[in-house]
Every structure is written in C-alpha cells, then in structure tokens.
There are 2 protein chains.
Amino acid sequence: MRLSVVSWNVNSVRLRMEQIAKFLNSIDADVICLQEIKCQEHEFPRQAFADIGFPYIHIAGQKGWHGVAIASRYPFEANELLPFCRRGEARVQAIVVSGVEIWNFYIPAGGDVPDRAANDKFDHKLEFYERVSAHLKTRNKDHPLLICGDLNIAPGEFDVWSHRQMLKIVSHTPQEIDAFGEFITSGELYDPFRDAYPVPEKIFTWWSYRAADFRKSNRGLRLDHILLNPALKARTTGDITAKIHDWVREWERPSDHAPIQVEFTI
Amino acid sequence: MRLSVVSWNVNSVRLRMEQIAKFLNSIDADVICLQEIKCQEHEFPRQAFADIGFPYIHIAGQKGWHGVAIASRYPFEANELLPFCRRGEARVQAIVVSGVEIWNFYIPAGGDVPDRAANDKFDHKLEFYERVSAHLKTRNKDHPLLICGDLNIAPGEFDVWSHRQMLKIVSHTPQEIDAFGEFITSGELYDPFRDAYPVPEKIFTWWSYRAADFRKSNRGLRLDHILLNPALKARTTGDITAKIHDWVREWERPSDHAPIQVEFTI
DNA sequence: GTCATAAGAG
DNA sequence: CTCTTATGAC
C-alpha cells in the first residue's frame, strides 16, 4: 500500500481549519501530523477533519499552547511514549498505522540565549533531544518507525538562509546541530528531503512572520522534518518522495510553517 | 439635490473596512456617519474610503474605544460642538454639508444598573442627553440639522423585542425614555423611521452578539437613529425615505449594529 | 507579525 | 459573543 504522511505546524488548528481542508483537498495525504494546535482535545475541530475524509484522530492538547494531533484516513492504534518533555507539555504522541509507528513531535523552540545554564528553555530543548536519542538506542530496531514534526533545529548548512549568521542563533547553534546529529545516529534515521532536494540547494519549511515579503527576503529555516528508520525504509518498495509545500505559506494569514510530505509504498 | 445619509456603529472600522466598502458599493449613500471606529485618527483607513468615492473624511478618534467618523462624497466643513461628553471621550462630531448641519453621536451605553447614584456610567449617559437637550433649546432653529448615531436608547414600545422585559434594562428604562423624549422635544426632531415602518411594527437596529441566531430569536433593539429638525424637514421636497439595512447583520463577522439610511431632496 | 491568554466593555 | 488593551511566546 501507498502511505502518504504530512507534517505541519499549523499555529492554531481552529484558526487554520479552512486552510488545512483546502490543503488536504489538493494533495493526496493519508495521515497528517499537526503541531501547535493550541487547543484542548474537546476544542479540536474533529468534524471538519471527518468531513474531508480524516475521521480517525488522536489529540494531545492543552490550554493555549503547544499541542499535537494526528488525523488519518485509516484506523490506527495509539501508543504511549516516554516523557520526553520534562515539563509535561503536550508535545509528543505516537500511533501505529498499517504496521508503521509514527511519532509526532513539537520540540521546544529553546528561547533566545544558547546557553543551558543561563536559559532553562534551551536546556529543556536539549534534554528533550537527549531523552529521545537515549530511547532510540534501546528501542527494537526491527519495528518500522517514522518520526516527524516541528523539531525546531535546522541541522545542515543548507537548511538555513545564512549558515554564518545563524550559527549564533537558537535552532542552528553547534550544540543543537550536535544534538540533532546524535538523534539521527541513535535512530539511524533517513532524511528523504535531502535526496529530493540535494545539497547545496537551500530548503526551508519556516519563514518568520516578521518579514514583509517572505519570498523576497527568503530568510527561512528547515525546522520541520520527516525521518524514517532503517526497518521502515527496508519495508518500502519503489521511490520515497518528499515535498515541501511552500506555496501554502503564500496564502492569506498562513501559518509561519509550510506543510511537508513524504510518500512511499510498503 | 438628493442627500443620502447613513449611520452605522461598525464596531471597529479597521476590522470592518471590507464590509463597509461592500455595503457602500451596494447602496447610494452620500455621507456615512460611523460610530465605534475604535482607532485613532492616524489609524483610520482613509485610502479605503477614498477608493470607493468617499474622499472627504472627518475623524474624532481615540485609542481603543469609542470614536466617530464621517466620510462623504462631497466636501464639507467641520464644526465645533459643545462638550456633551463630560469625560472628553471621542463621541461627538459635527459637519456642514450642502447647508445641512450633521451631528454624529456615539452616546454612552450607560452600564448595567439603571441608577444615577449607584452607577456613574448611567449618570454620564443621562447627563449627555441633558446637555444635548439644553443646547438644542438655545440653538438657532432656522439652521437645518440632522442628528444621527448610536444614541443607545430604544425609546418606543415597538423599538424593543419585549417592552415589558426591557423596562428594567438600560436602554429602555423609563428614565431614559423620558430623557429621549426631552431630547426630541427640545429639538422638535422628526423621526422618519416611524413613517417608513409604522407602529405597531417592531423595528430594530441592534442584535446582541450573544444570540446564536439573531434572526431566530430576534431579540433586537432600535438604538440607532437619524433625526431631522423642522428647518431641515421644511427644506426637503418630495419623500423622505428611511431604511434599516438589517441584511448586513447577516454577514460573516458583522457589527452587532445594522446600518440605517435616510434619503431626501433639498 | 501572529498566535494564545486575561481583563474590561458592550 | 466580539471587540479593545496588554503581555508572552516564537
């Protein structure tokens, strides 16, 4: 079967439901992983997702901030995950669909100061990565796994608009790039986006709201990711396609993140 | 010449500019008097009004609350008015267009408790009426005058959805009805709406946002008025038409007030 | 710049 | 329910 997975930090699912429907009606996704839904479970627009063919929904919400949700065309099972977020915020969830485990993360942004001692938010972010990496090392590697979400790190030189200027900015500091590398190594994760858009092409999934014209300045970052573990990759046949739907960022009152999509046959 | 005057409490002119343009493009107004613009003068969307044929604008704004503005197809002169509002809020303005003076009021709502001693907002509202009435008595009655705006009183039995239930509610208490009567008497004002919609027809210009379906419950009030003094009425030839554009209240994210319109030839 | 929250007003 | 303001987050 063909499985098409989207990841999108929507920055308020209630405010963006019309755009989500418009987007999902114009592509061929089976599963959409949302971050920053910014609502509680009972406030989630379940019916609107059901109306466009995504009746199976798993929500991890909280009041006002953060929050993740997965909507699917097909039934799935929910899995419990370890407390990667030490503050207990709604940033993590896991499901199993067609034998593929999917982890949906909204990893903390980490504040402004890239110093673990001076900035607890930065420490919190790195500890989140450390906990995930530790778990990946002990996890049964035979189980197919896809990890996606707003991981809030742009790991590569060509994942940021200016490698030189971004090295001091949280999301692209050496410490974070190391943590991201340890995470990738721990899970032996495969990034299909860099096959679809080979280096040295710059690719971004997020552009600040503060830019008057994001296309013109194009000061973006690649903060959103969809990654496959070896067991999942081995299960696929044919091409694995990866797309960044940056045209959605051009809509009226958009999220600051673009949706990304990976498609494969298992 | 034919003169068509609209009065509309828009509840934020910046948020409602598209609706204002859509409305003005579908009727034949010459002058629109706005209340609750909720912005300062420099924040007013002057260009948007100019673009739809209303380049002459007079604004009395303040930060965040209240605020009145007049936009016109034709040039006019601004007049100073007495301080009817003892708190100095942006609730009053006057212009003269084609020899007709127009007063645009956003009279205080008056709070919840209909008791001048216990509720200063209620006292403020009645004092506003008293000051206007006193001024009308001394004003030169030969000068044509139109008074319009959100006057925040529904004076008649058929200006409210339930006369019995509203008598205890601010906007339709006996004290306010008396103050409104004194105001009408002082200026010998003519209300063209009750000729257009004769008693006992109930007519409203405002419906609470709290009603799920304002058409269904129809618990409205007639708080907005356009009134003519005898000198202006004597100057007119032919019919004076009066319309309540309640269809605008059905739009998406509308103001809680409907625009009202009076048209005459002078 | 664009979200959420909360208060205060209507 | 729907506006404003203000603050905080990103």
Side-chain angles (χ1 to χ4, degrees), chain A residues 9-16 19 35-40 43 61-67 87 89-91 106-113 119-122 124-125 150-154 169-171 206-214 217 219-221 223-224 249 251-257, chain B residues 9-16 19 35-40 43 61-67 87 89-91 106-113 119-122 124-125 150 152 169-171 206-214 217 219 221 223-224 249 251-257:
Chain A
N9 177 324
V10 284
N11 191 10
S12 174
V13 70
R14 289 174 295 177
L15 218 53
R16 221 73 71 192
Q19 292 189 33
Q35 304 89 37
E36 279 206 88
I37 60 172
K38 289 186 173 174
C39 67
Q40 298 168 73
E43 299 167 319
Q62 67 176 80
K63 191 173 182 180
W65 298 106
H66 322 309
R87 296 184 180 177
E89 295 159 344
R91 296 178 173 277
Y106 174 47
I107 297 189
D112 289 329
V113 181
N119 174 11
D120 186 61
K121 290 176 183 170
F122 193 67
H124 184 224
K125 178 180 194 169
D150 177 359
L151 307 187
N152 260 320
I153 291 177
I169 308 295
V170 172
S171 68
W206 172 90
W207 293 262
S208 168
Y209 278 128
R210 284 168 217 181
D213 180 341
F214 87 96
S217 54
R219 296 191 169 189
L221 305 175
L223 302 177
D224 302 273
R249 176 67 241 247
W251 290 352
E252 280 283 302
R253 293 202 143 256
S255 166
D256 44 354
H257 294 254
Chain B
N9 178 324
V10 283
N11 192 11
S12 175
V13 70
R14 288 175 295 178
L15 218 53
R16 222 72 71 191
Q19 293 190 31
Q35 304 89 38
E36 280 206 89
I37 61 171
K38 289 185 172 174
C39 69
Q40 299 168 73
E43 299 168 319
Q62 68 176 79
K63 192 173 182 179
W65 270 284
H66 322 309
R87 296 183 181 178
E89 295 159 345
R91 296 178 174 277
Y106 174 47
I107 296 188
D112 289 329
V113 181
N119 173 11
D120 187 61
K121 290 176 184 171
F122 194 67
H124 184 224
K125 178 180 195 171
D150 177 358
N152 260 319
I169 307 296
V170 171
S171 67
W206 174 90
W207 293 261
S208 168
Y209 278 128
R210 283 169 217 184
D213 181 341
F214 87 97
S217 54
R219 296 191 169 189
L221 305 176
L223 301 177
D224 303 273
R249 175 67 240 248
W251 291 352
E252 281 282 301
R253 294 202 142 256
S255 167
D256 44 355
H257 294 254

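Here the structure is a predicted model, which is why all the values come from computation and not from measurement. As a basis for the values below, the full set of heavy atoms in this structure was taken, side chains included, without hydrogen atoms, waters or symmetry mates.
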Nearest-Å distance, NE2 (A/H257) to C1' (C/dG1)? 13 Å

For the pair made of NE2 in B/H124 and P in C/dG10, what is the distance, rounded to whole Å?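 That distance rounds to 11 Å.
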
Are the side chain of A/Q19 and the backbone of A/R16 linked by a donor-acceptor contact shorter than 3.5 Å? no

With respect to A/N11, which candidate in A/R253, A/Q35, A/K38 satisfies the side chain to side chain donor-acceptor pair (under 3.5 Å) definition?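 Single pass found, and it is A/K38.
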
Short heteroatom pairs, N/O only, protein and nucleotides 3-5 of chain C, under 3.5 Å:
residue, atom, partner, partner atom, Å
C/dC3, OP1, A/R16, NH1, 2.8
C/dC3, OP1, A/R253, NH1, 3.1
C/dC3, OP2, A/R253, NH1, 2.5
C/dC3, O5', A/R16, NH2, 3.4
C/dA4, OP1, A/S12, OG, 2.6

Could you tell me the boundaries of the chain B footprint on DNA chain D, defined by atoms under 4.0 Å from its heavy atoms?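 Boundary nucleotides touching chain B, in 5' to 3' order, are D/dC1 to D/dA6.
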
What is the minimum heavy-atom distance between [X] and [Y], and which atoms define it?
X: B/K125; Y: B/N152; answer: NZ-O, 2.6 Å
X: A/P254; Y: A/R249; answer: CG-O, 3.3 Å
X: B/C39; Y: B/R14; answer: CB-NE, 3.6 Å

Can you measure from OH (A/Y209) to CG (A/D256) and round to the nearest 0.5 angstrom? 4.0 Å

Rounded distance [0.5 Å steps], CD in B/Q62 versus CD in B/E89: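 The CD atom of B/E89 is 6.0 Å from CD of B/Q62, to the nearest 0.5 Å.
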
Kindly indicate, with the supporting measurements, whether the criterion side chain to side chain contact (heavy atoms under 4.5 Å, CB included) is fulfilled by A/R91 and A/I107. CA-CA 6 Å; A/R91 296 178 173 277; A/I107 297 189; 5.9 Å; no

Tell me which of B/W206 and A/R210 sits closer to the 5' end of DNA chain C, going by the nucleotide each one is nearest to.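 Final value for this comparison: A/R210.
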
